[in-house]
There are 2 protein chains.
Amino acid sequence: MGHMTTESKAAKSALPASPPLTERQEARRRRILHTSARLASRGGFDAVQMREVAESSGVALGTLYRYFPSKVHLLVATMQDQLQHMHETLRKRPPSEEDPGARVAQTLMRAFRALQREPHLADAMVRALTFADRSVSPEVDTVSRLTTAIILDAMGLDGPPTPEQLSAVRVIEHTWHSALITWLSGRASIAQVKIDIETVCRLIDVTAPGTAGPSR
Amino acid sequence: MGHMTTESKAAKSALPASPPLTERQEARRRRILHTSARLASRGGFDAVQMREVAESSGVALGTLYRYFPSKVHLLVATMQDQLQHMHETLRKRPPSEEDPGARVAQTLMRAFRALQREPHLADAMVRALTFADRSVSPEVDTVSRLTTAIILDAMGLDGPPTPEQLSAVRVIEHTWHSALITWLSGRASIAQVKIDIETVCRLIDVTAPGTAGPSR
DNA sequence: CGGTAATCTAGAACAAGTTTCAGAACTGAT
DNA sequence: ATCAGTTCTGAAACTTGTTCTAGATTACCG
């Protein structure tokens, strides 16, 4: 593995709020993201090789780097893309449970089973996400907001969440990412992940307004 | 970094099926780990360059790779080393709180402040840990067991932990790692990490035996 | 349409992780 | 002390992420 620059020196902030892309450019971007997901599905993080992504997308290497300043940027963007699909899919079938905690657990396990179908892709995306350094913060933040939105959606709250609930959601996100990693690296079974998710989701019910807090 | 005095074999059972190392070999290994930590402290993950580690440890590159089959292996081993120190240090000053949850939160925040003193080193170790693939599973597992031991120690239980408590500890570990990453990549403040840690530690009290569970 | 600036292409070049190999140095057993 | 087997060294080679450059294309503007 070559060079995984932690600190990208000349960060050419191309993406956020930049000039609108032309038709051809949008198509190129799509092609690249599609290729990225395809290669990742085949062999995970290592199988996404920048030269191959470029060639297979019909784009020069330099152009690929203009669109996505690093491999990690590319994979995080791929994750954004996939998460948006998942958000829509999940939204179509809201969870059947009653309690917010159980609803979140059910939704996350659905998401988990979806990822299970493409474990290599999941591997590439999650590894990129946790390996990302400061130069990718905005993109990682977007992924985080998407994940938060999925969880809040699943909770099915009436009003806005309380600060305590937001804390619980953050912790759930932490657990979600980390549990995913332990599963992907073969150190935890699916059953174990399920237990962890269900355990952490109890925090939702514990922090629900109107419910007596824990005994402290 | 004075390395350990005499310690029981139990602590360093990292390499299960390897032949015992000679004196010179043990010294080489320690030199390498020391160099790794030194370079990491200076510039994080990227500053730990295998050629430089080898040269600065007075060892050939091929030898470095014989001892640690990849950069990630090296950094995870470095983390094992540092965690052992931290475990001993923390054990010397047990937390002052009463409730197990609060004790764990206090201990983890102490550990966190220790890491804050060498943020680059923390960055290198944690990034390696979460980037590790299957080939590093045994070593990552050792780190996980060490972390679990630290948390269980902090809880100060009388008897053995219940399965529910073990689940809570797993979730706390997830949160710990993930919160660390968000802090290291500049996406969360120290205050935010503190809140997350304290939030997840409520799970400990919630799952304490003899306490009524949440209202579900 | 002509001109100009931005974008894209092809390919070389560079950086750092990893592998390989021939020979020197060390180890343990006879 | 000698021999066989392992370990270590030094150096080159290979891989893949990343950068750079010169020229071709394209997009936009008057």
For the side chain of T147(B) and the backbone of V143(B), is there at least one donor-acceptor N/O pair under 3.5 Å apart?
yes

Sugar-phosphate only, base, or nothing, as touched by T22(B) at under 4.0 Å among non-hydrogen atoms
nothing

From NZ of K71(B) over to C1' of dA15(C), roughly how many Å is that when rounded to an integer?
12 Å

Without swapping roles, check the side chain of T175(B) against the backbone of V171(B) for a donor-acceptor pair under 3.5 Å.
yes

Between C1' of dG17(D) and CZ of R127(A), the distance in whole Å:
15 Å

Side chain S36(A), main chain I32(A), donor-acceptor under 3.5 Å:
no

Could you pull out all residues at least two apart from F68(B) that satisfy ring-ring contact (aromatic ring centres under 6.0 Å, His included)?
none

So V53(A), base contact, sugar-phosphate only, or nothing? Heavy-atom distance under 4.0 Å.
nothing

To the nearest Å, give me how far apart CG (L39(B)) and P (dG17(C)) are.
11 Å

For Q49(A) and dG17(D), give me the distance from atom CD to atom P, rounded to whole Å.
5 Å

Ion pair present between E198(A) and K194(A), side-chain N to carboxylate O less than 4.0 angstrom?
yes

Report for the helix from dC1(C)-dG30(D) to dT30(C)-dA1(D): angle between first-end and last-end helix axes, five pairs each, rounded to 10 degrees.
20°

In whole Å, what is the span from the CD atom of E23(A) to the P atom of dT25(D)?
22 Å

Nucleotide dT15(D), atom C1' - distance to CD of E52(A) in whole Å:
14 Å

Charged N to carboxylate O below 4.0 Å: is that the case for R202(A) and E164(B)?
yes

Within 6.0 Å of CD in E55(B), more than 12 heavy atoms from elsewhere
no

Pick base, sugar-phosphate or nothing for V48(A), based on heavy-atom distances below 4.0 Å to the nucleic acid.
sugar-phosphate

Separation of dT18(C) P from D133(B) CG (nearest whole Å):
10 Å

Rounded to the nearest Å, what distance is computed from the CG atom of residue D46(B) to the C1' atom of nucleotide dT18(D)?
12 Å

Side chains of S144(A) and E173(A) only: does a donor on one sit below 3.5 Å from an acceptor on the other?
yes

Heavy atoms under 4.0 Å, any strand shown: does R24(B) hit a base, just sugar-phosphate, or nothing?
sugar-phosphate

Which atom pairs link the protein and nucleotides 8-11 of chain C when you take only N or O atoms and keep those under 3.5 Å?
residue: dC8(C); atom: OP1; partner: R28(A); partner atom: NH1; Å: 2.8
residue: dC8(C); atom: OP1; partner: Y67(A); partner atom: OH; Å: 2.8
residue: dT9(C); atom: OP2; partner: A60(A); partner atom: N; Å: 3.0
residue: dT9(C); atom: OP2; partner: T63(A); partner atom: OG1; Å: 2.7

Using ring centroids (six-membered ring only for Trp), state whether F131(B) and F45(A) fall under 6.0 Å.
yes

